[in-house]
Participant: 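A single structure is presented below for examination.
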Amino acid sequence: MWTEQARLGHARAGTVTTAHGVVPTPAFMPIATRGAVKHLANSDLAQIGNDILLANTYHLYLRPGLEVLKAVGGLHGLMQWDKPILTDSGGFQVFSLAHLRQLTPDGVRFNSHIDGAELFMTPELSMEIQQVIGSDIQMCFDYFPGFPASRADAEHSVALTTQWAKRCKDYSSPHGLFAIVQGSSFADLRQQSAQELVQIGFDGYAIGGLAVGEPTEVMYAMLDTTIPLLPSDKPHYLMGVGQPEQILEAVKRGVDLFDCVLPSRNARHGQVYMHTQAELVDTELTAVQYRKINLTSSEYKTDVQALDPLCHCSTCQSGYSRAYLRHLFSVAEPLAQRLTTVHNVSFYIELMRTIRHQIQTHAQS
RNA sequence: GGGUAGGUGGCGGAGCGGUCAAUCGCACUUGACUGUAAAUCAAGCAGCCUCAGGCUUUCGGGGGUUCGAAUCCCUCCCUACCCA
């Protein structure tokens, strides 16, 4: 499933091969929780050029539900998206919907955030849903606390996550199952989690439970202690991260896959990522050169420049001005969000393309 | 000409003797968002200062009552509707 092509320090360039195609890595997966990157059509995604999407087990289970998904050929059929899809297991909702759920060793009892209906998510159910969705990469159902977490909570998280990972593997089809390393900010627990999961054996390894409020340095430290314990012939996925510089730092530590709501959510809120020079990342992968601006600021009221003159996305190439986009935001025209989402997601995809290019071009043989 | 109801901060609109520099909504300003309950949320929004507090000018204009008024009285101006 994973093929390495080049290496620069610990940074790796390679490919993940799935039933729906090949994903060059390091890669960023835009988030289509409910089967759509918010505001974008497939034609937008085609222009953006992302090779894979992330969708969500919990949300798609609630709507449209398993019967519909079965009837329409899974999420690929429903969306008419023919490239790879990775599904998160619902583990994140155990965290984000904490007030609506009850944790048990067997699984998690939820009250639907939509109508309050009770459901019981287990590792087995999560696997079944992900198979019905037809995802190319499926995530084990996991559990993690927020930050800061007590050692006891972190230990509990590791134990439950390992136990559930076993059950996921026992249930699952043979290919495309990733496990998730937990352990909060405790280096030894991270190591223990990694070792237990590697022992079981998966197609890829994710690092989860990070970017939940801990200092960035703690996150980097956890990557430093975890990644050396993961098989180097399997893809490494840092879940939910993050800002461009965090992605670059993680790539330099050996991470291959990323997802994050930031580009799409920030776009909806009028915050856009901008080039400060033509190349986002230099040949040494030193840093990401960029800045963020709040388009809703009065500063842009009459700014007729294209949104980001150094960007090649369709929004910027079409010449939409900052003044126009600011106006669209101020009158709440939905076009604003589509145009900025196209831009921000394109920015992330370009960032990854540049990182891959730099690794491949300057790889040590 | 007569009658009735009103005139409050950018707008709408509370308040109807002290706890009012004035609820609230909108608009506006700035800032956050990290495996998406998020087209969301937070803060600010008379001026000034030695800024967990203090001071100065505000509730159509003017005058009065009162220890104290956006709130009561007189008067003027203006708006809406009704009657002639």
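Everything numeric here is computed off the predicted structure, so don't read it as measured data. Computed over heavy atoms, backbone and side chain alike; hydrogens, waters and symmetry mates excluded. We name chains A, B, ... by the order of the sequence lines, and we start the count at 1 in each one.
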Participant: Checking side-chain hydrogen bond (donor to acceptor under 3.5 Å, both in side chains) between S135(A) and each of D88(A), T57(A), T87(A), which is the one that passes?
Facilitator: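 Between S135(A) and the candidates, side-chain hydrogen bond (donor to acceptor under 3.5 Å, both in side chains) is satisfied uniquely by T87(A).
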Participant: Ignoring hydrogens and geometry beyond distance, is the side chain of S264(A) in donor-acceptor contact with the base of rU36(B) at under 3.5 Å?
Facilitator: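 For S264(A), whose side chain was compared with the base of rU36(B), there is a donor-acceptor pair (under 3.5 Å).
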Participant: Restricting to nitrogen or oxygen on both sides, can you table the protein-nucleotides 24-26 of chain B pairs closer than 3.5 Å?
Facilitator:
none

Participant: Please give the distance between the P atoms of rU71(B) and rU8(B) as a whole number of Å.
Facilitator: 13 Å
Participant: Let me know the distance between NE2 of H39(A) and P of rU40(B), rounded to the nearest Å.
Facilitator: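 Nearest whole value for this atom pair: 10 Å.
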Participant: Would you indicate what Q93(A) reaches in the nucleic acid, counting non-hydrogen atoms under 4.0 angstrom: base, sugar-phosphate, or nothing?
Facilitator: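 The answer is sugar-phosphate, as Q93(A) gets under 4.0 Å only of primed atoms, P, OP1 or OP2.
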Participant: Does the D259(A) side chain pair with the main chain of M239(A), one donor and one acceptor, at a distance under 3.5 Å?
Facilitator: no
Participant: At under 4.0 Å between heavy atoms, what does I180(A) touch on the DNA or RNA strands: base, sugar-phosphate, or nothing?
Facilitator: base
Participant: Does R265(A) put a side-chain nitrogen or oxygen below 4.0 Å from OP1 or OP2 of rU34(B)?
Facilitator: yes
Participant: Whole angstroms only, please: what is the CD-P distance between Q337(A) and rA39(B)?
Facilitator: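 Answer to the nearest Å: 8 Å.
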Participant: Quick check: does any side chain N or O of H275(A) sit under 3.5 Å from a backbone N or O of Y290(A), one acting as donor and the other as acceptor?
Facilitator: no
Participant: Any side-chain N or O of K292(A) under 4.0 Å from OP1/OP2 of rU34(B)?
Facilitator: no
Participant: When the P atoms of rG13(B) and rG60(B) are considered, how many whole Å apart are they?
Facilitator: 15 Å
Participant: Using atom CD of E299(A) as one end and atom P of rU29(B) as the other, report the distance to the nearest whole Å.
Facilitator: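 Rounding to the nearest Å, CD of E299(A) and P of rU29(B) are 12 Å apart.
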Participant: Taking only the C1' atom of each, what is the distance from rA38(B) to rC33(B) in whole angstrom?
Facilitator: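 Going atom to atom, C1' in each nucleotide, I get 8 Å.
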Participant: Assign D259(A) to base, sugar-phosphate, or nothing according to its heavy-atom contacts below 4.0 angstrom with the strands shown.
Facilitator: sugar-phosphate
Participant: Any side-chain N or O of R63(A) less than 4.0 Å from the OP1 or OP2 oxygen of rA37(B)?
Facilitator: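 No.
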Participant: With rounding to the closest Å, how many angstrom separate the P atoms on rG18(B) and rA22(B)?
Facilitator: 15 Å
Participant: Counting just side-chain N and O atoms, does S297(A) come under 4.0 Å of either OP1 or OP2 of rU30(B)?
Facilitator: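 Looking at the OP1 and OP2 atoms of rU30(B), one of them is under 4.0 Å from a side-chain N or O of S297(A).
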Participant: Are D106(A) and R167(A) ion-paired here, with the side-chain N under 4.0 Å from a carboxylate O?
Facilitator: yes
Participant: If we take the C1' atom in both rU19(B) and rA70(B), what is their distance in whole Å?
Facilitator: 16 Å
Participant: So what does S298(A) touch, heavy atoms closer than 4.0 Å: a base, only the sugar-phosphate, or nothing?
Facilitator: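 Since only primed, P, OP1 and OP2 atoms lie under 4.0 Å of S298(A), the category is sugar-phosphate.
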Participant: Which base sits across from rA21(B) as a Watson-Crick or G-U pair, both distances under 3.5 Å?
Facilitator: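 Partner of rA21(B): none.
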Participant: For a quick check of understanding: with a heavy-atom distance under 4.0 Å over all strands, which category does R101(A) fall into, base, sugar-phosphate or nothing?
Facilitator: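 Contact class for R101(A): none.
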Participant: What's G209(A) touching, base or sugar-phosphate or nothing? Going by heavy atoms closer than 4.0 Å.
Facilitator: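 Base contact.
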Participant: For L325(A) and rA39(B), give me the distance from atom CG to atom C1', rounded to whole Å.
Facilitator: 15 Å
Participant: Just call it for Q182(A): base, sugar-phosphate, or nothing, with non-hydrogen atoms closer than 4.0 Å on any strand.
Facilitator: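 Counting heavy atoms under 4.0 Å across all strands, the contact made by Q182(A) includes a base.
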Participant: Kindly assign one of parallel, tilted or perpendicular to the pair H343(A) and F347(A), based on the angle between their ring planes and the thresholds 30° and 60°.
Facilitator: tilted
Participant: Which whole-number value in Å describes the distance from M219(A) CE to rU34(B) P?
Facilitator: 13 Å
Participant: Expressed in angstrom and rounded to an integer, what is the separation of N294(A) atom CG from rU29(B) atom P?
Facilitator: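 After rounding, the reported distance stands at 12 Å.
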Participant: Does N266(A) put a side-chain nitrogen or oxygen below 4.0 Å from OP1 or OP2 of rC33(B)?
Facilitator: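 For rC33(B), neither OP1 nor OP2 has a side-chain N or O of N266(A) closer than 4.0 Å.
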Participant: How many whole angstroms separate atom CD1 of I31(A) from atom C1' of rC33(B)?
Facilitator: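 To the nearest whole Å, that distance equals 13 Å.
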Participant: Mind checking whether Y348(A) and F28(A) have parallel, tilted or perpendicular rings, split at 30° and 60°?
Facilitator: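 Y348(A) vs F28(A) ring planes: tilted.
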Participant: If we call it a pair only when both distances are under 3.5 Å in a Watson-Crick or G-U wobble match, what pairs with rA39(B)?
Facilitator: none
Participant: Measure from the side-chain heavy atoms of Q271(A) and tell me the nearest of rA37(B), rA38(B), rA32(B).
Facilitator: rA32(B)
Participant: With centres under 5.5 Å and planes under 30° as the test, does H269(A) stack with rU40(B)?
Facilitator: yes
Participant: Please work out if N56(A) contacts a base, only the sugar-phosphate, or nothing of the nucleic acid, heavy-atom cut-off 4.0 Å.
Facilitator: sugar-phosphate
Participant: Are R353(A) and E350(A) ion-paired here, with the side-chain N under 4.0 Å from a carboxylate O?
Facilitator: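 Between E350(A) and R353(A) there is no salt bridge, as every charged N stays at least 4.0 Å from the carboxylate O atoms.
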Participant: Starting from C1' on rA32(B), measure out to CD1 on I293(A) and report it in whole angstrom.
Facilitator: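 Rounded to the whole Å, the gap is 16 Å.
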Participant: Taking rU65(B) as the reference, what is the distance to rA14(B) when you measure between their C1' atoms (whole Å, please)?
Facilitator: 26 Å
Participant: Can you confirm whether more than 12 heavy atoms, excluding those of R151(A), are under 6.0 Å from its CZ atom?
Facilitator: yes
Participant: Where each residue is assigned the nucleotide of RNA chain B containing its nearest heavy atom, which of K301(A) and F95(A) is assigned the position nearer the 5′ end?
Facilitator: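 Result of the comparison: K301(A).
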Participant: Could you point out which residue of V94(A), T122(A), L125(A) forms a side-chain contact (heavy atoms from CB on, under 4.5 Å) with F141(A)?
Facilitator: V94(A)
Participant: Under 6.0 Å between ring centres: does that hold for H59(A) and H113(A)?
Facilitator: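 Yes, ring centres under 6.0 Å apart.
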Participant: Closest approach to the side chain of L100(A), judged atom by atom: which nucleotide of rA37(B), rA39(B), rU34(B) is it?
Facilitator: rA37(B)
Participant: Taking the P atom of each, how far is rA46(B) from rG25(B), in whole Å?
Facilitator: 15 Å
Participant: Taking the C1' atom of each, how far is rC41(B) from rC49(B), in whole Å?
Facilitator: 32 Å
